[in-house]
Amino acid sequence: MSRIFITGSTDGLGLAAARTLIKEGHDVVLHARSRERASALAEISPTALGIVIGDLASATETRSIAEQVNAIGRMDAVIHNAGIYLERSRGETPDGHAKTLAVNVLAPYMLTAWITRPDRLVYLTSGMHRSGSSALDDIDWKKRPWSASQAYSESKLYIATLAAAVARHWPHVLSNAVDPGWVSTKMGGAGAPDDLEMGHLTQTWLATSDAGAAKVSGRYWYHRQQREAAAEMNDSGFQEALVERLAELTGVRLFADGR
């Protein structure tokens, strides 16, 4: 059985993944944005290994999340599930970043650097990543007029690319990007047409399965099937440029000395 940390596990796909993994006998560490949000986990928290608290929009709280996870012990897998969708405005995090970028990209980037390296990493992306721009000069939306849809698409391109970069730099870690589909979560809405169960079962499968099909790295997945991602995801030059840009924005270098 595995020890797994899931960000954003108070509702939606993260909660569904947590329930599935706990039912399968795994040790699951849950995450809530605040103590108030943690109350939503009352049903499953007694069977979880632990709950960590922190707002991913804040670098300080993201650091605290990593410290709380590391205090519990080394994880076998981390599922970077948390995310936000269409923000009405750029917003302003405590660190001055666009909220969509901070939660969807900067936080998982920093957690990847700060949490003791697991055997497997799963990053949630979206089919909308194909609409993301490969221009990296204004990823924090300080110059461009705000576009909620474009900001979300770009964030999902960046997180898929991060998954591929990790796979290339850390060959002993299985790192993959998962498109859960347009599913009926709070984010997706009640009318979403895709299979909610397959959305979270792809995450749990990649995090724990010993099947040969699941033990690959640097791939883009949809409903347990490998799909072709935007070309940028597997472009090593784009990967390096993105990781460098994220290091500049966060002050955190993920691949120190090329490792």
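In this text, all values refer to a predicted model and were calculated from it rather than measured experimentally.
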J.: Given 3.5 Å as the limit, does a donor-acceptor pair link the side chain of Asp76 with the main chain of Arg3, or not?
T.: yes
J.: Check for a donor-acceptor pair, side chain of Tyr109 on one end and backbone N or O of Val252 on the other, with a separation under 3.5 Å.
T.: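 Yes; judged by distance alone, with no hydrogens or angles, the pair exists.
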J.: When you group the ILVMFWY residues by side-chain heavy-atom contacts below 4.5 Å and let the links chain together, are Met110 and Leu246 in the same group?
T.: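 Same cluster: Leu246 reaches Met110 through Ile, Leu, Val, Met, Phe, Trp or Tyr contacts under 4.5 Å.
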J.: Can you check side chain to side chain donor-acceptor pair (under 3.5 Å) on Thr202 and His223, steps first, answer last?
T.: CA-CA 6 Å; Thr202 305; His223 291 190; 6.0 Å; no
J.: Would a hydrophobic clustering, with Ile, Leu, Val, Met, Phe, Trp and Tyr connected at side-chain separations under 4.5 Å, put Ile115 with Val52?
T.: yes
J.: For a quick check under 3.5 Å, do Thr10 and Arg37 share a side-chain donor-acceptor pair by atom type?
T.: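 Short answer, yes.
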J.: Which other residues belong to the hydrophobic cluster containing Met1, where Ile, Leu, Val, Met, Phe, Trp and Tyr are joined when side-chain heavy atoms lie under 4.5 Å apart, directly or via other members?
T.: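 Met1 shares its hydrophobic cluster with no other residue.
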J.: Tell me if a side-chain donor or acceptor on Ser9 pairs with a main-chain N or O of Ile6 at a distance below 3.5 Å.
T.: yes
J.: Please, which pairs that meet side-chain hydrogen bond (donor to acceptor under 3.5 Å, both in side chains) have at least one residue in residues 61-74, sequence neighbours excluded?
T.: Ser64-Gln68, Asn70-Thr116, Arg74-Asp119
J.: Counting only heavy atoms not in Arg33, do more than 12 sit closer than 6.0 Å to its CZ atom?
T.: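 Atom CZ in Arg33 is not crowded, with 12 or fewer foreign heavy atoms closer than 6.0 Å.
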J.: Is a donor from one side chain sitting under 3.5 angstrom from an acceptor on the other, for Ser153 and His129?
T.: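 The answer is no; no qualifying pair exists.
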J.: How would you list all residue pairs meeting side-chain hydrogen bond (donor to acceptor under 3.5 Å, both in side chains) that involve residues 157-168, not counting sequence neighbours?
T.: Glu154-Tyr158, Arg168-Gln239, Arg168-Glu240
J.: Say whether, by atom type as modelled, one donor and one acceptor occur between the side chain of Thr7 and the main chain of Ala82 under 3.5 angstrom.
T.: yes
J.: Backbone N or O of Gly8 within a donor-acceptor pair of the His31 side chain at under 3.5 Å?
T.: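 A pair under 3.5 Å: yes.
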J.: Does NZ or CZ of Arg227 fall inside the cone over Trp221's six-membered ring, less than 6.0 Å from its centre and within 45° of the axis?
T.: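 No, Arg227 does not lie over the aromatic ring of Trp221.
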J.: Can we say Glu92 and Lys99 salt-bridge, meaning some charged N sits less than 4.0 Å from an Asp/Glu carboxylate O?
T.: no
J.: Is the backbone N or O of Ala163 less than 3.5 Å from a side-chain atom of Ser175, with the two atoms forming a donor-acceptor pair by type?
T.: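 Yes.
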J.: Following the transitive rule for hydrophobic clusters with a side-chain heavy-atom cut-off under 4.5 Å over Ile, Leu, Val, Met, Phe, Trp and Tyr, establish whether Leu106 and Val243 coincide in one cluster.
T.: yes
J.: In terms of hydrophobic clustering (I, L, V, M, F, W, Y; side-chain heavy atoms under 4.5 Å; direct or indirect links), are Met233 and Tyr152 co-clustered?
T.: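 No, no single cluster joins them.
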J.: Under a 3.5 Å distance rule, please check whether Ser155 uses its side chain to pair with a backbone N or O of Leu101 as donor and acceptor.
T.: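 Side chain of Ser155 to backbone of Leu101, a donor-acceptor pair under 3.5 Å: no, none is there.
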J.: Would you check if there is a donor-acceptor pair between the side chains of Asn176 and Tyr123 at a distance under 3.5 Å?
T.: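 Per modelled atom types, Tyr123 and Asn176 side chains form no pair under 3.5 Å.
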J.: Heavy-atom count around Glu248 CD within 6.0 Å, excluding the residue itself: above 12?
T.: yes
J.: Donor-acceptor pair, distance only, cut-off 3.5 Å: does the side chain of Arg219 make one with the backbone of Ser217?
T.: yes
J.: Please answer whether the main-chain N or O of Ser131 pairs with a side-chain N or O of Lys156 as donor and acceptor at a distance below 3.5 Å.
T.: no
J.: Verify, without hydrogens or angle tests, whether Arg90 (side chain) and Asp140 (backbone) share a donor-acceptor contact under 3.5 angstrom.
T.: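 Such a contact is found between Arg90 side chain and Asp140 backbone.
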